[in-house]
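Here's the structure we're looking at; comments come further down.
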Amino acid sequence: MNFEEQCYELLKKIPEGKVTTYKHLAKALGSNGARAVGNACRKNPNAPQVPCHRVVKSDGMLGGYAFGVDQKARLLRKEGIAVSDKLRVNLEEYLFEF
DNA sequence: TATTTGACCAAGA
DNA sequence: ATCTTGGCCAAAT
């Protein structure tokens, strides 16, 4: 199991209608490098399997998405998450921690 | 082996 | 509020 795979495994555990942050995710992986997580996601070899769109920055901003932030925002909204016009979500309400 | 890059973060100016 | 700085970690070059 390498870092990336663990990353995906965790991502798959995020329930619908919830999001997590790169930082929390990193910590759950026993690391302090939030970028390493994003790095793993952006490659994302298993695009359809892993819900990379449920990961946002620690301040609630979406961050980025391999297929475009617009898609990310749409998917999230489709799952019942309110994404503000400026690509932002309510962490208080949707944050999921491991 | 060394450097750069990236879907980041927190603290300071 | 915006910008810079230094720090973080893994993968790619």
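Being a predicted model, the structure only gives us computed values, none of them experimental. Each chain gets a letter, A, B and so on, in the order the sequences are listed, and its residues count up from 1.
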Nearest whole angstrom, please: distance from the [atom2] of [N] to the [atom1] of [X].
X	N	atom1	atom2	value
A:Leu62	B:dC9	CG	P	12 Å
A:Leu76	B:dA7	CG	P	17 Å
A:Gln71	B:dA7	CD	C1'	15 Å
A:Tyr8	C:dA10	OH	C1'	11 Å
A:Gln6	C:dC9	CD	C1'	14 Å
A:Phe67	B:dA7	CZ	P	13 Å
A:Lys57	B:dA10	NZ	C1'	12 Å
A:Lys86	C:dA1	NZ	P	15 Å

>> Say we look at B:dA7 and C:dG6: how far apart would their P atoms be, to the nearest angstrom?
In response: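 Their P atoms lie roughly 22 Å apart.
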> Does A:Leu76 belong to the same Ile/Leu/Val/Met/Phe/Trp/Tyr cluster as A:Val50, with side-chain heavy atoms less than 4.5 Å apart forming each link?
Replying inline: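 A:Leu76 does not cluster with A:Val50.
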> Shared ILVMFWY cluster between A:Tyr22 and A:Phe96, side chains joined below 4.5 angstrom?
Replying inline: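 Yes, A:Tyr22 connects to A:Phe96 through the hydrophobic network.
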>> Please give the remaining members of the hydrophobic cluster of A:Tyr65, linking ILVMFWY side chains under 4.5 Å, ordered by chain and number.
In response: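 Noted: A:Tyr65 shares its cluster with A:Phe67, A:Leu75.
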Which atom pairs, donor and acceptor, lie under 3.5 Å between side-chain atoms of residues 35-42 of chain A and protein residues at least two apart or in another chain?
none

> Name the one of A:Glu79, A:Lys72, A:Gln71 that satisfies side chain to side chain donor-acceptor pair (under 3.5 Å) with A:His53?
Replying inline: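 Among A:Glu79, A:Lys72, A:Gln71, the one meeting side chain to side chain donor-acceptor pair (under 3.5 Å) with A:His53 is A:Glu79.
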> Which of residues 13-39 of chain A sit near DNA chain C, with a heavy atom under 4.0 Å from it?
Replying inline: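 Of all residues in residues 13-39 of chain A, the ones placing a heavy atom under 4.0 Å from DNA chain C are A:Ser31, A:Asn32, A:Gly33, A:Arg35, A:Ala36, A:Asn39.
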> Is any side-chain nitrogen or oxygen of A:Ser58 closer than 4.0 Å to OP1 or OP2 of B:dC8?
Replying inline: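 Looking at the OP1 and OP2 atoms of B:dC8, neither is under 4.0 Å from any side-chain N or O of A:Ser58.
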>> Go through it in stages, so that I can follow the logic: the residues are A:Asp59 and A:Thr21, the test is side chain to side chain contact (heavy atoms under 4.5 Å, CB included), and I'd like the CA-CA distance, side-chain angles, deciding distance and then a yes or no.
In response: CA-CA 9 Å; A:Asp59 56 3; A:Thr21 71; over 6 Å; no
